[in-house]
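Shown next, in structure tokens, is the structure this report addresses.
Residue numbers start from 1 in every chain, and the chains themselves are labelled A, B, ... in the order their sequence lines are given, proteins ahead of strands. Heavy-atom basis, side chains included; hydrogens, waters and symmetry copies ignored.
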Number of protein chains: 2
Amino acid sequence: MLGILPAERPAMPASPADSRSTREREPAPKTLAARRRAGRPAAAVLDQAGITAAALRLIGKNGYDGLTMAALARSLNVAPSALYNHVESKRDVLLLVEDHLTALVDVTAFAAEPWESAVRKWAWSYRDVFAEHTPLIPVIAVLPVTDAPQTLSMYETVSGGFRAAGFPEERIVSAIVALESFIFGSAYDVTAPADIFDSGSMAESTPSFTGAVRSLAAQGHEKPADVAFSLGLEALIAGFGALRE
Amino acid sequence: MLGILPAERPAMPASPADSRSTREREPAPKTLAARRRAGRPAAAVLDQAGITAAALRLIGKNGYDGLTMAALARSLNVAPSALYNHVESKRDVLLLVEDHLTALVDVTAFAAEPWESAVRKWAWSYRDVFAEHTPLIPVIAVLPVTDAPQTLSMYETVSGGFRAAGFPEERIVSAIVALESFIFGSAYDVTAPADIFDSGSMAESTPSFTGAVRSLAAQGHEKPADVAFSLGLEALIAGFGALRE
DNA sequence: ACCTGAACACCGTTCAAGT
DNA sequence: ACCTGAACACCGTTCAAGT
């Protein structure tokens, strides 16, 4: 995964300051930032690819709670305000991260396999990528594709696959949107706690639901989120497959 | 809708202070809160039902950005810290709102109609309620049902409907979860801007997707979010219906 | 153009003091 | 038990000053 990070590079060019990197955990490493004096540096310290990579590192380490503009700046050895020379807002940072992650979704099967199995692979891959990044879902869901080139590229490949499989053109977008809606909702489901359906002290007043939950648990092994995703996905594939001409 | 608010009542018992209510728009109505001196009041000013109703009013007026603990306290004429005698956190407030809204979802058809049309009505109602409240979706998706009695009650009715329709017990929860995932994702889709699929200057490099978008737009009239929701929902209903015994 | 440093207008939450 | 008022440790963002 690290190998796919954009513009793999250290936050700063190697310098004597690196010998102090063991102190990075200190609460206020002001001294590190102070190393660089005010005014425009000879070469730009930041760019969007570096900001994206740093954000992904931060998210990987501390989750989305740890992704603050201050923490992002600190990890890049700049003042928080420096970030605003490269992004307009924190939402822009999330958008950069989103577009980078979308490029990780596997669409290769659309070039090589029948429609059913291509959609299946794409959907599972898409869900798996964003299950780790659910805080991005509200961003993606309202994101004009113009602002996210990799995302647009994914849509082009997927819609091409639908078209080649004989889908009526006017149904392609609706089918993709429906699949995506299911995928986004299912990504949340992956993050739900194991006891989410424990009805606790209310069990006696909810016999039907409690029984259904117990019956599912008795089935055992497979993760409930995966069982539900598979069930829904196969129904959608079967239903949409019937639209093909 | 107002008639279904919990414990319909003013934020404070009628009092001479009400004559100053025209000043409530003032930036810092400290004087109103100062009207009540420190120490425990004779009768409690706050309760969870009142907090829920005030939160819903605030959301209705200014959206979820306007729902801050400070604004909530101001609308209830108390200091922000007073809220913490009745809720543990802001998340608790969102949970109260969520459970109240879930009670608005229409499950009545499960008692009176065939399974297909009951699921259809429930799903549309569920989506419509939360399309106006998408910031709650991350909360619901991870919410143990124990903490939300109305939500648990909805599950009981729905799972009872599935059972009565001949669903194998061990599939009921998975089918409901899959439907919910689709519903939550589709609720986001309702809020997407109309030009979300405008590929802009990239149109020439994405012919397949751009053509599909144009073809959908040419169909006209119906809202794209509704078309996609209908398409996915009918596929899920048809696919799940086949599981019945 | 692109950095620093100081400042702004917020957040949610805690806690002592009061009745 | 349930309020006020002050305080805390944050947020994202703006902007003048510097090179």
OP1, OP2 of D/dT4 versus side-chain N and O of B/Arg37: anything below 4.0 Å? no
Do B/Asp198 and B/Arg214 sit within salt-bridge range, that is, some charged N less than 4.0 Å from a carboxylate O? no
Any side-chain N or O of A/His86 under 4.0 Å from OP1/OP2 of C/dA1? no
Rounded interatomic separation in angstrom, taking CG from B/Asn85 and P from C/dG18: 17 Å
Between B/Phe130 and B/Tyr126, is the gap from one ring center to the other below 6.0 Å? yes
Assigned partner base of C/dT19, Watson-Crick or wobble definition, under 3.5 Å: D/dA1
Check every atom of D/dC3, C/dC2, D/dC11 against the side chain of B/Arg36 and return the nucleotide holding the closest atom. D/dC3
Taking the side chain of A/Met69 as heavy atoms from C-beta outward, which of D/dT13, C/dG18, C/dT4 is closest to it? D/dT13
What is the distance, rounded to the nearest whole Å, between atom CD of A/Glu88 and atom C1' of D/dT14? 14 Å
Walking DNA chain C from its 5' end, the first of B/Ala38 and B/Lys90 to be reached, judged by nearest nucleotide, is B/Lys90
Residue B/Ala70, side-chain atoms from C-beta onward, closest of C/dC2, C/dC11, C/dT4: C/dC11
Please compare B/Leu83 and A/Ala82 by the position of their nearest nucleotide in DNA chain D and report the one closer to 5'. B/Leu83
Between A/Asp147 and A/Arg91, does any side-chain N to carboxylate O distance fall below 4.0 Å? no
Nearest-Å distance, CZ (B/Arg74) to P (C/dG12)? 11 Å
Below 4.5 Å, heavy atoms only, C-beta onward: do B/Pro149 and A/Met202 meet side chain to side chain? yes
Taking the side chain of A/Ala44 as heavy atoms from C-beta outward, which of C/dG12, C/dC2, D/dG5 is closest to it? C/dC2
Just compare C/dT13, C/dT19, D/dC2 and give me whichever is closest to any side-chain atom of B/Tyr84. C/dT13
Length of the line joining A/Gln48:CD and C/dA1:P, which is rounded to integer Å: 16 Å
Atom CG of A/Asp65 and atom P of D/dC11 are separated, to the nearest Å, by 10 Å
C/dG18 phosphate, OP1 or OP2: any side-chain N/O from B/Arg40 under 4.0 angstrom? no
Should we count NZ of B/Lys121 as having more than 12 external heavy atoms under 6.0 Å? no
With a 4.0 Å cut-off on heavy atoms, is B/Ser81 in touch with a base, just the backbone sugar-phosphate, or nothing at all? base
Whichever of B/Gly39 and B/Ala71 has its nearest DNA chain C nucleotide further upstream toward 5': B/Ala71
Pairing partner of C/dA9 (Watson-Crick or G-U wobble, both distances under 3.5 Å): none
